[in-house]
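A short write-up of the structure that comes next.
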Amino acid sequence: MTSWNLSAVRAYAPAVVGWSLALSGWLRLEQLRNDQQARMLVPVVQWGVALMLLVTLGCIVAASVMIWRAGRRDAQQRG
């Protein structure tokens, strides 16, 4: 039976939230492209989506480093 590592789930939760926000921004961007009155919002939404993807990437890297360091520390304590 597969069990979830709760510390890993907690570490990657901000990345999942960021990815969801970036995806919703991208979907909103697709809706704005066809609306002539909302075209001036397109650059703002584009920068928001790009920023959310960068924040998400940062969260993934930070979570990966935290998990790697915790595993390394546990291995040093055992060995």
Side-chain angles (χ1 to χ4, degrees):
M1 182 164 146
T2 305
S3 65
W4 288 73
N5 184 345
L6 291 180
S7 62
V9 171
R10 284 186 215 114
Y12 286 107
V16 172
V17 170
W19 184 257
S20 300
L21 289 173
L23 180 62
S24 67
W26 178 71
L27 291 173
R28 174 55 75 185
L29 183 63
E30 289 301 314
Q31 290 176 340
L32 291 179
R33 286 190 194 276
N34 297 330
D35 188 357
Q36 295 296 327
Q37 293 178 343
R39 281 196 182 245
M40 49 194 222
L41 287 177
V42 170
V44 175
V45 177
Q46 284 176 335
W47 280 104
V49 169
L51 182 65
M52 286 310 301
L53 288 175
L54 287 175
V55 168
T56 300
L57 180 61
C59 289
I60 290 170
V61 169
S64 298
V65 168
M66 284 177 22
I67 292 171
W68 174 73
R69 290 181 77 192
R72 194 169 169 212
R73 194 174 337 142
D74 289 343
Q76 286 177 352
Q77 289 176 354
R78 279 187 252 138

Can you list, by chain and residue number, the hydrophobic cluster partners of M52 when the side-chain cut-off is 4.5 Å? V17, L21

Considering all heavy atoms, the nearest A11-A63 contact: O-CB, 3.3 Å

With sequence neighbours excluded, give me every salt bridge (Lys or Arg N to Asp or Glu O under 4.0 Å) pair touching residues 50-63. none

Not counting sequence neighbours, list each pair that qualifies as a side chain to side chain donor-acceptor pair (under 3.5 Å) and has a residue in residues 43-63. none

Single-linkage hydrophobic cluster W19~V16, side-chain heavy atoms < 4.5 angstrom: no

To check you understand the geometry: which heavy-atom pair defines the closest contact between G25 and V45, and what is its length? O-CG1, 3.4 Å

Taking ILVMFWY side chains as joined if any heavy atoms are under 4.5 angstrom apart, and letting links pass through other members, which residues group with I67? Y12, I60

A quick test of your reading: do over 12 heavy atoms of other residues, nucleotides or ligands sit less than 6.0 Å from CD of Q37? no

Hits for side chain to side chain contact (heavy atoms under 4.5 Å, CB included) against R28, two or more places apart or cross-chain, chain-then-number order -> Q31, L32

